[in-house]
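Letters A, B, ... mirror the listed sequences (proteins, then strands); counts begin at 1. Since we're looking at a predicted model, the values are computed, not measured.
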Protein chains: 2
Amino acid sequence: MTRISILGSTGSIGRSTLSVAESYPERFQIVALAAGANLETAFEQARRWRPQMLSIASESDADILRARLKQAGISGIEVVHGTRGTVSVATHPQSDFVVSAIVGVAGLEATYEAVRAGKTVGIANKECLVAAGELITAEARRQGKPLLPIDSEHNAVHQCLRGGRMEEVERVWLTASGGPFLNTPRSEFKNITVEQALNHPTWKMGKRITIDSATLMNKGFEVIEACRLFHVAPSKVQVLVHPQSTIHSMVEFVDGSILAQFSVTDMRLPILYALTYPERIQSDMRFDVGNLRHLDFQQPDMNKFPCLRLAYEAAEAGGTKTVVLNAADEVAVAAFLEGAIRFNEIPGIIEEALAASNSGMLRSIAEVLEADGAARRYAQKRIREKSKKSAEPRATSVG
Amino acid sequence: MTRISILGSTGSIGRSTLSVAESYPERFQIVALAAGANLETAFEQARRWRPQMLSIASESDADILRARLKQAGISGIEVVHGTRGTVSVATHPQSDFVVSAIVGVAGLEATYEAVRAGKTVGIANKECLVAAGELITAEARRQGKPLLPIDSEHNAVHQCLRGGRMEEVERVWLTASGGPFLNTPRSEFKNITVEQALNHPTWKMGKRITIDSATLMNKGFEVIEACRLFHVAPSKVQVLVHPQSTIHSMVEFVDGSILAQFSVTDMRLPILYALTYPERIQSDMRFDVGNLRHLDFQQPDMNKFPCLRLAYEAAEAGGTKTVVLNAADEVAVAAFLEGAIRFNEIPGIIEEALAASNSGMLRSIAEVLEADGAARRYAQKRIREKSKKSAEPRATSVG
């Protein structure tokens with residue numbers, strides 16, 4: 001019986017994890033859940049799963065939850081709140097496996113504490129590896145516990161790596177759908193609308209990650225994640241565009257053998273893999289191999305997608321730079337979604353923020369969060385300055 | 001240092017093995033070589049590699065070799081001959097790894113004795129697994145030593161299997177180029193010439209295996225080999241046509257994950273893999289992953305290629321049936337190459353031989369060889385009867 005805590009239980013990965021747990025009641029037990037602001041879903045999850053602990057973002061929501069649980073006649077669930085609540089869920093003494101699926105830097109501290117507490121951690125939070133990957137993976141090594149990737153690419157790499165030893169790895173090949181603008185000429189990038197950018201060809205995801213997929217920044221983050229998770233240099237992590245997204249990723253070994261992993265595009269599969277590793281258990285998520293027909297590949301164009309190049313540069317520098325990359329990208333994407341900047345201006349904002357930041361290693365999650373805040377403020381300032389500037393001539397032409 | 005005996009040193013796999021050994025002199029030592037009738041190459045190999053033992057097919061060739069080695073001032077090589085000589089090479093006390101690469105049933109006894117002597121065996125001889133797979137794999141299990149496949153498909157499967165445990169395997173997927181007649185209508189099969197059938201799209205190989213690739217019997221043999229090597233039922237081994245032959249094979253696990261292996265099409269790679277397993281060492285056999293463009297797949301057509309169906313039936317029955325399958329096929333292919341039967345008559349000969357044979361398990365290599373001989377005689381008789389019959393009306397029409 002694997003006893004699970006979920007950080008981000010009401011999000012997509014959190015709900016998929018509960019769906020997996022539901023399919024194997026004899027195998028998984030839900031010990032603690034940490035939700036955000038989605039009070040209704042948190043209540044429903046508490047009612048269905050009867051965890052020992054439930055955390056919610058705000059204190060007032062925690063009060064409401066306690067009252068509703070009492071009213072429903074449900075006892076024995078300790079309701080906590082805020083960052084301290086999330087950390088309590090992450091380090092719950094009854095849990096042995098923590099699913100880290102809180103989106104954004106909000107999940108950093110709890111994930112780090114879960115690793116410090118010696119839990120096996122399944123990682124779906126990108127920021128944990130992009131912004132704090134060096135800290136978190138070093139701590140996991142110290143604890144001698146695995147960090148198991150819960151996203152299709154790194155999970156695929158993890159599976160392929162079983163075909164050899166780490167020192168036998170020549171390269172890691174991350175596949176990329178290429179996003180909706182794979183075949184759009186670069187000259188048209190300035191006219192890309194929010195609607196067009198939100199239309200991802202293969203995966204249905206949140207808004208930010210969808211835009212990050214369109215700029216290939218998401219693939220850049222994945223390069224950094226791969227470097228941190230598997231302790232390989234950025235030059236050993238390559239991206240290959242594969243529009244069907246059938247093959248999730250590959251590992252090339254020193255002898256010249258390449259292993260590739262594929263499966264249905266269902267997040268429950270990497271979740272199940274992580275929860276049962278090193279075992280595999282029967283699932284109904286079957287890829288119809290007999291009906292496989294065509295797989296296409298091409299090289300990524302870093303000139304057309306400068307975010308990918310920026311990610312490689314940040315990965316090489318490490319420390320503050322990957323924190324800045326993530327923070328500035330989040331701000332730039334938000335600005336694009338709000339109409340404050342154009343699609344083709346996203347990379348410039350990030351590049352400026354990277355250039356303006358100091359390099360250096362970060363020794364704690366607090367330092368990561370500090371660097372993150374500074375980068376966000378810088379990016380926001382630059383965006384305000386840019387939109388002011390671009391607003392001026394428009395005002396002139398109108399007046 | 002791995003000390004190697006090669007059974008079939010002057011053949012294609014044997015020479016590739018020596019080429020691998022040449023690239024890593026610090027790692028591999030050639031202890032003993034068994035050649036067939038190629039006296040000149042055997043002498044050159046003895047001069048270059050100075051093995052402790054050299055076996056050649058005939059006694060008279062052994063005498064010539066001894067004289068020539070003496071003349072060349074080379075001492076310390078024990079020259080032996082015949083089946084007993086091959087067995088001595090296979091069981092040489094100084095060798096720990098035996099490459100089994102003698103084509104045909106001639107390699108059976110020596111390979112079996114190598115396994116019995118507790119050697120790690122790299123297997124490239126199809127007959128060892130098709131005709132005597134049950135005996136040889138049972139003995140390897142008893143010895144607790146691995147049987148490492150040296151052909152691209154099973155080597156790929158072996159690599160993919162590292163991603164899980166045997167009981168976690170849902171299916172083994174063998175890829176097939178489909179041969180030169182993949183897109184030829186079945187109605188034209190009767191007019192296929194020897195020249196057309198010998199023109200394999202991706203691999204350059206011997207005549208029999210090239211014809212076996214054209215009929216898909218070679219893939220059928222590989223299904224049987226996979227069943228024996230990996231102890232899986234025939235229903236768990238599937239064939240997928242993949243004309244580029246880039247992906248060498250795949251393994252589908254119970255959780256729905258599929259691992260695939262690919263590499264350059266160079267036999268030195270599976271040889272190196274087998275010789276160094278469980279390690280991998282650096283090679284210059286690089287597949288240019290970045291330039292991967294298209295991979296195509298389709299289902300095999302068992303009506304068009306009945307040999308594949310016959311192989312599945314023989315695999316299910318086991319014992320004598322797979323011996324007959326191999327023996328009758330070899331006879332039928334030889335008859336086709338000599339112009340005695342048409343391409344589309346090959347499966348019929350094999351099917352008749354299978355129907356005429358007894359089923360039953362075989363308890364020794366001697367029993368395998370006996371069943372093999374009986375099947376050959378039966379197939380030859382049927383071919384003589386057929387060509388007589390087909391010759392009669394022709395004689396009538398001429399006269």
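Both the backbone and the side chain of B/R293 come within less than 4.5 Å of a heavy atom in chain A. Only the side chain of B/L272 comes within contact range of chain A, judged by heavy atoms closer than 4.5 Å. If you measure heavy-atom distances from B/L292 to chain A, the contacts under 4.5 Å come from both the backbone and the side chain. Only the side chain of B/E170 comes within contact range of chain A, judged by heavy atoms closer than 4.5 Å. Only the side chain of A/L269 comes within less than 4.5 Å of a heavy atom of chain B; its backbone N, CA, C and O stay farther away. A/R280 touches chain B through backbone and side chain together, each having a heavy atom under 4.5 Å away.
Within the model, atoms NE2 of B/H248 and CD1 of A/I258 stand 8.5 Å from one another, a figure rounded to the nearest 0.5 Å. If you take CG on B/L259 and CD on A/Q159, they are separated by 6.0 Å, rounding to the nearest 0.5 Å.
Scanning all heavy atoms of the two residues, the minimum distance from B/F262 to A/A260 falls at CE2-CB, 4.3 Å. Across all non-hydrogen atoms, the minimal contact from B/S257 to A/Q261 is OG-NE2, 3.3 Å. Residues B/E279 and A/E168 approach most closely at CA-OE2, 3.6 Å, considering heavy atoms. The two residues A/S263 and B/G256 come nearest to each other via the heavy atoms CB-O, 3.5 Å.
Of the residues considered (A/G290, A/P270, A/P278), A/G290 shows the highest number of contacts with chain B, using heavy-atom pairs under 4.5 Å. By number of non-hydrogen pairs under 4.5 angstrom with chain A, the leading residue of B/H158, B/M285, B/E167 is B/M285. Between chain A and the residues B/A156, B/S283, B/G164, the largest count of heavy-atom pairs under 4.5 Å involves B/S283. Across A/L240, A/N155, A/V241, the residue that shares the most heavy-atom pairs under 4.5 angstrom with chain B is A/L240.
Put simply, the side chain of B/N291 reaches to within 4.5 Å of the side chain of A/Q299, judged on heavy atoms. Residues A/Q238 and B/V289 have side chains not in contact (no heavy-atom distance under 4.5 Å, counting atoms from C-beta outward). Looking only at side-chain heavy atoms (C-beta outward), B/D255 and A/T276 stay at 4.5 Å or farther from each other. Contact annotation: the side chain of A/E252 never approaches that of B/F287 to less than 4.5 Å [non-hydrogen atoms, C-beta and beyond].
With hydrogens and angles ignored, the 3.5 Å screen pairs a side-chain donor or acceptor of B/R286 with a backbone N or O of A/V254.
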